[in-house]
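Throughout, protein chains are lettered first and strands after them, A, B, ... in sequence-line order, and every chain is numbered starting at 1. This one's a predicted model, so the numbers in the text were calculated from it and none came from an experiment.
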There are 2 protein chains.
Amino acid sequence: MCHHQGMTDATTPRARAREQTMRDLVRIGRVHLATSGAAGLSLRAVARDIGVVSSAVYRYVESRDELLTLLVIDGYDELGDAVDAALASVDATDFAGRLVAIGRAVRSWALSEPATYALLFGSPVPGYHAPSDRTTGPGTRVITRLVQVWEDAWTAGAIGLGDGDVSPRRLSRDLARMRQDQGLTVPDEVISRGLLMWAALFGCVSFEVFGQYGLDTLTQPHDLFEHHLRVLVETVGLGG
Amino acid sequence: MCHHQGMTDATTPRARAREQTMRDLVRIGRVHLATSGAAGLSLRAVARDIGVVSSAVYRYVESRDELLTLLVIDGYDELGDAVDAALASVDATDFAGRLVAIGRAVRSWALSEPATYALLFGSPVPGYHAPSDRTTGPGTRVITRLVQVWEDAWTAGAIGLGDGDVSPRRLSRDLARMRQDQGLTVPDEVISRGLLMWAALFGCVSFEVFGQYGLDTLTQPHDLFEHHLRVLVETVGLGG
DNA sequence: CGAGAAAGGAGAGCGGTGCTCTCGTTTCGT
DNA sequence: ACGAAACGAGAGCACCGCTCTCCTTTCTCG
């Protein structure tokens with residue numbers, strides 16, 4: 001349920017109680033998030049559920065926004081864990097298979113936790129700004145995995161795309177900086193198409209989770225997603 | 001600003017005042033939507049801005065949710081108008097150009113109206129269900145235009161994709177039903193890849209509007225979007 | 001034209017929210 | 001053992017959506 005909470009061993013009973021309360025906060029917070037959404041997440045209601053008066057939770061959490069931050073971090077970590085778990089059972093040289101595994105993991109986690117997915121990838125909560133020093137780490141786990149597959153596939157010579165630059169030069173400069181920051185060797189076209197696959201993957205998942213497809217028109221969204229995954233894997237130059 | 005309000009000619013002063021108040025509601029509502037987001041949209045604050053006490057707005061709008069519905073319809077129509085305006089200046093036989101025009105129109109409208117875009121394509125507002133009889137019409141204008149391009153391009157023989165069915169058969173059945181409902185002749189692969197392009201387009205736009213790309217990593221998001229558009233046009237079999 | 005009906009606005013009020021402050025009580029560190 | 005820190009409870013503030021009542025304005029129709 002809760003992930004990477006940074007369990008410090010409980011020296012004193014009070015410290016142990018505090019950690020338990022923090023865990024309860026995130027746990028009940030997720031329940032309310034699923035019920036009422038990020039906007040309707042009520043600190044008072046969460047307090048009631050953990051059997052404490054509303055003002056008491058401010059001993060643990062600075063504000064409602066910080067509770068949101070805890071839920072964001074917890075969600076990113078759970079998604080990252082799901083992706084890593086799916087990757088564990090795929091042959092490292094099966095690059096297309098690794099991409100497909102990532103895509104399936106993202107989709108199935110999103111469908112099982114739509115409220116948390118909406119918190120992470122839906123409309124930004126108005127007035128709330130996630131503290132990047134705490135969220136970018138867990139928030140970049142998925143794209144990190146995707147990038148690693150492209151890099152591995154490229155160095156293995158498995159990507160059927162040219163190694164030329166991309167136009168215009170402005171874009172090529174942006175991509176070059178990303179390549180340098182991440183220590184990559186993949187060419188422009190792979191980075192660019194990789195970013196497209198990334199955005200498209202979450203576009204497909206968002207459409208499904210947020211109900212943008214007409215609900216009646218699609219009886220088997222899973223099949224459509226699998227087809228889309230195959231096409232997306234092709235677009236990064238990995239024949240599915 | 002406001003679109004397709006169903007202007008009935010004002011017979012009586014009272015009726016005219018009512019229409020003016022309705023327009024003000026949507027207008028001020030959009031301002032507050034941009035400021036506070038869909039969740040923070042306060043009926044009381046809107047009432048204050050139009051110079052009326054909070055209970056008075058219930059003479060015009062059944063609930064806060066109905067005000068949201070008005071904003072949803074207004075937003076869909078504005079987006080649809082933007083797309084149609086962009087299409088007006090494109091040669092009808094330039095199928096790739098029509099797709100690119102639609103994509104650019106969606107992106108630039110979304111960037112200019114991020115709050116309304118978030119209302120339409122972001123996380124669903126918890127507890128709010130758009131009345132489909134009023135929103136599906138304006139809500140399907142973009143996909144309708146996209147579908148029309150694919151159909152036109154297919155009948156003109158401009159799409160370089162096979163006309164075979166898609167696997168598995170469950171998916172093929174879903175696609176066949178869509179083809180029949182919409183009166184289309186395009187084959188499975190075109191419908192499927194078309195839906196992918198649709199979802200991917202909004203995935204790219206959402207990533208940009210919602211700030212999922214690292215803000216510092218991309219200095220020229222426009223260039224990346226143009227590249228993505230070219231690739232997406234290719235994936236539906238229309239050489240860019 | 002004038003009376004009854006309909007519509008609109010103002011205000012009080014209900015229960016809910018996030019958040020702050022104060023006041024005892026409990027627990028910890030020394 | 002004692003001062004300090006942590007904690008829970010409660011009252012209170014300003015805001016929210018929404019309802020109800022009361023009164024004025026406007027329309028409709030005989």
Exercise for the section: Name the orientation class of the two ring planes belonging to B:Tyr117 and B:Phe121 (parallel below 30°, tilted from 30 to 60°, perpendicular beyond 60°). Expected result: tilted
Practice task
Report yes if a side-chain nitrogen or oxygen of B:Arg64 is closer than 4.0 Å to either non-bridging phosphate oxygen (OP1 or OP2) of D:dC18; otherwise report no.
Solution key: no
Exercise for the section: Would you classify A:Val52 as touching base, sugar-phosphate or nothing, given that sugar-phosphate means primed atoms plus P, OP1 and OP2, and contacts are heavy atoms under 4.0 Å? Expected result: sugar-phosphate
Fill in the blank from the handout: A:Asp49 atom CG is separated from C:dT17 atom P, nearest whole Å, by 11 Å
Handout entry: B:Glu62 CD to D:dG17 P, straight-line distance once rounded to whole Å
Key = 15 Å
Problem - 5' precedence on DNA chain D between A:Thr21 and A:Arg44 (nearest-nucleotide basis) - result: A:Thr21
Practice task
Using the six-membered ring wherever Trp is involved, compare the ring planes of B:Trp198 and A:Phe207 and label them parallel, tilted or perpendicular (cut-offs 30° and 60°).
Solution key: perpendicular
Handout entry: B:Tyr58 side chain near C:dG8 phosphate (N/O to OP1/OP2, under 4.0 Å)
Key = no
Fill in the blank from the handout: Rounded to whole Å, the CD-P distance (A:Gln20 to D:dG8) equals 13 Å
Exercise for the section: Whole angstrom is fine here: how far is it from CG in B:Leu25 over to P in C:dG8? Expected result: 12 Å
Exercise for the section: May I ask you to evaluate whether A:Tyr60 reaches the phosphate of D:dA6, defined as a side-chain N or O under 4.0 Å from OP1 or OP2? Expected result: no
Problem - Short side-chain N/O contact from A:Arg48 to OP1 or OP2 of C:dT17, under 4.0 Å - result: yes
Exercise for the section: Considering just the side-chain nitrogens and oxygens of B:Ser55, establish if one lies under 4.0 Å of OP1 or OP2 belonging to C:dG9. Expected result: no
Exercise for the section: Measure the distance from CZ on B:Arg16 to P on C:dG8 and round it to the nearest whole Å. Expected result: 15 Å
Exercise for the section: Starting from C1' on C:dT26, measure out to CZ on A:Arg14 and report it in whole angstrom. Expected result: 6 Å
Completion exercise
In whole angstroms, the gap separating C1' of C:dT17 from CG of A:Leu67 amounts to 14 Å
